[in-house]
Participant: 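Okay, here's the structure, questions in a sec.
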Amino acid sequence: MPNPTIEIYHDPAALANAAAQHFVRAANAAAVERGVFAVALAGGSTPAGLYRLLAEPAWAAQLDWSRTLVCFGDERCVPPDHTWSNYRMAREALLDAVPLPPANILRIPGELAPAAAAAAYATALRRAFGLRGAGRPVFDLILLGMGDDGHTASLFPGMPALHERRRIVVASMVPDTVQPAVARVTLTFPVLNASRHVMFLVAGAGKAEKVRAILGSEGVTPGTPVREGGLRNGGRDLGRQAFPAGQVQPQHGRLTWLLDRATARQK
Ligand code: 6PG
């Protein structure tokens, strides 16, 4: 896997603008090369700025939504209109504002029991990507966030989902420290690491320590080759593998980290 590209922006607004440029570029390249752009959206709060930007007419007009398949990296096990729903956040910020055919949205049915929601989503992905047997969906772009604990999607430290190597979607409980304290459904590492491009959007000083552990301990500057190791914890290097977000390493695809200055600990 090539070293990640690290891009640092002055603030979340500049980060969202850069992410929108990457999104449009990926969408148009995929539409030309394969006739469809398959993207998995991230949940949480950070990507909302990107989604709102893409919903603006000047941005929305830059890609063909009829050739876009919108999926989700993970979901909370709540109904789609629940305030905790990642789908609701994306629908309100983006999906309702762009000419996306409803059939082009693969929502994780969080209203079902977790295992049933995971199975239903996996079936929908297999159908949409025309998969047989043990095939995995290859996304053109997967957007991810990262929690203060280094989790990504709903792959949390210490949880069994981290070790899933066969299924493409699993249900997961959350550690006691994580809010909202509700079961989740998540894409697994085999899918994340099969993606043509994974783009992390990370903002806020609370994440700086984990970003440093994953991307390098001397602070993060653009173009710094990523080295294993980072934070020392009682003499033991907490390299990138120590945190789920650090285990996202696309085998053949691109990996881009978009950070704001607070996360990169730049003055
Ligand atoms: C979720 C997300 C989760 C999120 C991180 C960062 O369902 O919450 O999938 O992985 O990306 O927790 O969240 P913020 O962007 O809100 O900091």
Side-chain angles (χ1 to χ4, degrees), residues 9 11-16 18-19 23 39-53 70-94 106-111 114 117-118 121 139 141-159 161-162 164 169-189 191-193 195 198-211 213-214 243-248 255-264:
Y9 294 94
D11 54 31
L15 188 154
F23 189 102
V39 59
L41 300 183
S45 58
T46 304
L50 163 63
Y51 301 160
R52 283 193 293 271
L53 200 54
V70 171
C71 304
F72 290 81
D74 71 324
E75 185 56 278
R76 290 84 177 271
C77 291
V78 295
D81 58 353
H82 192 286
T83 187
W84 292 347
S85 166
N86 286 335
Y87 166 77
R88 174 177 164 178
M89 182 273 283
R91 182 177 59 74
E92 291 176 346
L94 173 61
L106 288 194
R107 181 179 67 83
I108 301 174
E111 66 277 18
Y121 188 47
F139 283 91
L141 179 62
I142 296 180
L143 302 177
L144 291 174
M146 187 191 78
D148 291 358
D149 60 356
H151 82 259
T152 191
S154 285
L155 297 164
F156 294 97
M159 303 308 278
L162 295 183
E164 180 61 45
V169 182
V170 293
S172 176
M173 296 313 290
V174 296
D176 298 341
T177 53
V178 169
Q179 293 300 324
V182 64
R184 311 291 177 95
V185 172
T186 186
L187 294 178
T188 57
F189 280 126
V191 177
L192 303 186
N193 288 331
S195 182
V198 174
M199 184 158 74
F200 278 93
L201 287 69
V202 185
K207 305 180 182 180
E209 178 183 332
K210 295 298 185 294
V211 164
I214 293 167
F243 308 107
Q247 296 172 39
V248 177
L255 176 58
T256 305
W257 284 73
L258 302 188
L259 310 173
D260 73 347
R261 283 155 58 106
T263 307

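As the structure lists them, so they are numbered: ligands from 1, and atoms in each ligand from 1. Just so it is clear, the values below take in all heavy atoms, side chains as well, and ignore hydrogens, waters and symmetry mates. Bear in mind that the values here come from a model prediction, so they are computed numbers and not experimental data.
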Participant: Is a donor on one side and an acceptor on the other found under 3.5 Å between the side chain of Asp260 and the backbone of Gly204?
Facilitator: yes
Participant: Determine whether a donor-acceptor pair (N or O, by modelled atom type, separation under 3.5 Å) exists between the side chain of Arg76 and the backbone of Trp84.
Facilitator: yes
Participant: Closer than 3.5 angstrom, by distance alone: can the side chain of Asn86 be matched with the main-chain N or O of Gly44 as a donor-acceptor pair?
Facilitator: yes
Participant: Considering residues, nucleotides and ligands other than Asp176, do more than 12 of their heavy atoms fall under 6.0 Å from its CG?
Facilitator: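 Result for CG/Asp176: open.
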Participant: Could you tell me which residues satisfy side chain to side chain donor-acceptor pair (under 3.5 Å) with Asp149, sequence neighbours excluded, listed by chain and number?
Facilitator: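 Counting only residues at least two positions away or on another chain, Asp149 forms a side chain to side chain donor-acceptor pair (under 3.5 Å) with His151.
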Participant: As a test of reading the model: which residues have a non-hydrogen atom less than 4.0 Å away from ligand 1?
Facilitator: Gly43, Gly44, Ser45, Thr46, Asp74, Arg76, Asn86, Gly145, Met146, Gly147, His151, Thr152, Ala153, Arg184, Lys207
Participant: Give me the one residue out of Leu259, Val248, Leu258 that meets side chain to side chain contact (heavy atoms under 4.5 Å, CB included) with Phe200.
Facilitator: Val248
